[in-house]
Amino acid sequence: MMRNLLIGILLVTIMLGYSAFAANSRVSLSIDDIHSPVFNVKEIRASLSGQQLSQLEFRVGEIAVQEKIWRNVKLSCTKFQLTDRLIGCSGGRIHLSNSAPLAVEFHLNLYENVLEIEIKPTANESWRFSLHWNENYWRNTLTIANGQAVHVVQWLPDMETMPVPGKGRVNGNVKISGNMDGIARVAAELLIDDLAFSDRNGLRAGENVNMTINWSAEHSSRNNQWQWQSEINWLAGEIFWQPLFFSDGGYSLNLTGVLSENNINLNNGKIVLHDIGELDFSGVLARPGNNLIDFNLHATSLELSTLFDQILRPFLRSTAFSEMNVIGRGSFAWRYHQGENKSFVLDLHDVSLADRRERFAFYRVNAHIPWQANSATIADISILSGQVLRVPLGAVRVPLEINQSELRIPQLVLPVLDGKLKLENFIASQQDKNWHWQFNGELLPVSMEKLTRALQIQQMHGTISGVIPKVSYVNSIVAVDGTLLFKIFDGMVTANNLKLIEPLGLVPHLAVDLAMKNLDLDLLTRTFSFGNIQGRIDMEMQNLELAGWQPVKFDAKLSSSAGSYPRRISQAAVQNISALGGASAVAAIQRSFLRFFEEFSYSEIGWQCFLRNNVCRMDGIEPASILVKFESKGYVIVKGGGIPAITVIGYNRNVGWQELINRLKRITQGNDPVIQ
Amino acid sequence: MNKLFSCLILLVILLSLPLATHARGANIEINTPAITKLKQSMQQRHGQLASHYASGAIGLTGDGLIAMRDANVLPLAQRQPVNALIAAENQDRNALYQEIASANNHPEWEKDIRATFSQRWISLAKSGWWYQAANGAWAKK
């Protein structure tokens, strides 16, 4: 339609030209409006003047194509040629809106049916358009030489998130050909150099980008389909596409496909990612909404370190995996059919995952993990070694049963240091997009010496073992339902109401009520280099709360266990208890005995600490006033009994938690005790 | 250097200010080892963030966090590292608000504590820094 209009206008011009042909004459043409479904043009003014009407002035008030509008478009030709077969313009200049004038030439040869237009914004830059046609066939070619990408900006929609080129050079051609029925073939071969682009906020931007684009499509009138193929190679440059950043080229996309009235078929798709590997894909989208119906994606032997660093980590910034290092190779295959996930298979080959903050690590993981939408499968996962919260784990093979969104491990024996953790009835499932899991089990004896060394805390002796009742994980909380039992220092420890909130979060919270019964003081004091105490104690630690593994609250009560057993305390232990209690003292009347005896008898030990707001409020067995006259403020920590007997009284009621820890450190590190 | 130092002082002042909250009786000055650790982490990171507040790359949001406001002022290669800084800072801030609420034995006060901190971050921001106004639009202080 546009072509017909153009020819019509030209014919009018030609006729006017013939009728008024004379030296220094002037011919003018005015058209107020031209309307079409594709464009609207207003205020067209054309005039020919000068010697043999060789100068053209052509002005358009407004051209609107879709939503794009240009105003005050001007074309002038200093050498305009008009014959019955030829219209030509040399030395022309075109003004588009307020932009700088561009050099332009055009020639329309009606004898050979050729139209050629060349725009040269600068001496080295050329946008050359040619149109050839006959009764059955037409062919357009746009040839670009050193075209500046910035010219494209005015054709792009004005959107905040639309990246627009700031600079860049385009070379190549775009060819469109067809017949009287319409377009039959489109092809583009473009080389883009030194491209810079950005959206308004700089969240989708590139610099120094070099790329090639080869794209072609052919129309089949037999079944009204377009068959197309494309090859895009990103050769060099940097691209930031929030949150991803690629600093080098080496990426490509190859794709063939078929566009029909109802579908878009993607065939033989291949994405090559530099230093990562290749992904192959195919799929079907339903028109007109372009909804994904089918999709197959698979990749073999991807380099996981670069895949994780470049593509996955930026999306995991706010999770526990943001500081994870990954090495090894992985393969996967995903099948999506008729709008649903049908299968996913993941294979890991010698993969190691390690958290930089040492919260977890798994080394030499080999796995085949298949998932099917409509049937149960069994995954085979083997791990050579690992650690969780610094506790080393040994080699393990995990028989994981997968049934849709539920995972099960009937039984698993996990080596932990020199012991074992037996897990039974492990079930994990996804509910409301969150993972829940639970298990029960048993901890078979683990050396306390090895465990404390691994945890980098005060070394202890003996073993730890126990029964693990139901443990569950819901809404980022690990909860133990029941009583956790384990043995330590020849006594029994029970843990109730245990909850671990966000165990891999920035500030994990632990809440538990602990009760320790019949601990052997001899083992305990030897472990902590506290001097020697023989006897047995019970310790209640209710409402214990740790934040970031540091205590913020507890109600601790230590007392001698019931029963008959030796009750002896060494001179060093007496001095250390005194030091721990701050301004405490051995009962004045007994102080002079200290230097004469290495060991004393006692009848009872008792100490309490209620931690709130970083302050430990201390108490003992009973007020000192009961035992000692005129002692109205103190409390008894060690109550004497037998010969030689000693009584230790504490005077400090409130001690800063950090100060108490510092005192303990001084004592257990073997420094000289401080007696105040 | 002086600029950095004054920014650090500003941050220290802010973190140690007793603040009033909508949750009557909340002690925002409360300290626990976890809160101390979070504050230290934020103070250490502030040295890296200060220049980005001043350049307008980063702005203070209305919910007590920070966000990339205009990445154009950053070289392309710096945009992802600054994203990582923002994510780490926001993790600390979220944890700080939650920890202060928990230390007050009222985890449900987190929203009020966040709102109070948000107002204070903005009121104590330096001239030229960007913040999100009540209507969500960016404004320059």
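Owing to the predicted nature of the structure, the values given are computational and were not obtained by experimental measurement. Residue numbers begin at 1 in each chain, while the letters A, B, ... track the order of the sequences.
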Value for CG (A/Leu506) from CD (B/Glu99), rounded to nearest 0.5 Å, stands at 9.0 Å

Do A/Pro314 and B/Asn83 make a side-chain contact, defined as non-hydrogen atoms from C-beta onward lying under 4.5 Å apart? no

(Q) Please check if the number of heavy atoms outside B/Lys141 that lie under 6.0 Å from its NZ is greater than 12. (A) yes

*Taking everything shown except A/Arg357 itself, do over 12 heavy atoms lie less than 6.0 Å from its CZ?*
yes

Q) Take atom CD in B/Glu110; do more than 12 heavy atoms of anything else shown fall under 6.0 Å from it? A) yes

d(B/Met68 CE, A/Gln242 CD) to nearest 0.5 Å is 6.0 Å

Rounded to the nearest 0.5 angstrom, the CG-CZ distance for B/Asn90 and A/Arg317 is 13.0 Å

Q.
Checking the side chain of A/Asn201 only, and the main-chain atoms of B/Asn72 only, is there a donor and an acceptor separated by less than 3.5 Å?
A. no

Between B/Gln80 and A/Pro243 the two heavy atoms that sit nearest each other are NE2-O, 2.9 Å

Given B/Leu74, B/Leu76, B/Thr32, B/Asp70, the one with more heavy-atom pairs under 4.5 angstrom with chain A than any other is B/Leu76

Side chain A/Asn614, main chain B/Asn31, donor-acceptor under 3.5 Å: yes

Honestly, the part of B/Asp92 sitting under 4.5 Å from a heavy atom of chain A is both

Rounded to the nearest 0.5 Å, the CZ atom of B/Arg79 sits from the CH2 atom of A/Trp241 at a distance of 12.5 Å

If one checks every heavy atom of B/Leu38 against chain A at 4.5 Å, the contacting part turns out to be side chain

The interface call for B/Ala95 against chain A, heavy-atom contacts under 4.5 Å, is side chain

Using a cut-off of 6.0 Å, state whether more than 12 heavy atoms not belonging to A/Lys553 lie near its atom NZ.
-> yes

message = Is it true that, when you exclude A/Phe321 itself, more than 12 heavy atoms of the residues, nucleotides or ligands shown sit nearer than 6.0 Å to its CZ?
response = no

If one checks every heavy atom of A/Ser247 against chain B at 4.5 Å, the contacting part turns out to be neither

Whatever's closer than 4.5 Å to a heavy atom in chain B on A/Arg200 counts as backbone

Bottom line for B/Gln91: the part with an atom under 4.5 Å from chain A's heavy atoms is both

From the list B/Ala103, B/Ser102, B/Ala84, the residue making the most non-hydrogen contacts under 4.5 Å with chain A is B/Ala84

Bottom line for B/Ala87: the part with an atom under 4.5 Å from chain A's heavy atoms is side chain

Report task. Using a cut-off of 6.0 Å, state whether more than 12 heavy atoms not belonging to A/Asn613 lie near its atom CG. Result -> no

Q) Is a side-chain donor-acceptor pair under 3.5 Å present for B/Gln98 with A/His509? A) no

Under 4.5 Å to a heavy atom of chain B? For A/Asp199 that would be backbone

side-chain contact (heavy atoms from CB on, under 4.5 Å) with B/Pro33: of A/Val552, A/Val507, A/Leu546, only one passes, and it is A/Val552

Okay, B/Ile30 and chain A: the region with an atom under 4.5 Å from a heavy atom over there is side chain

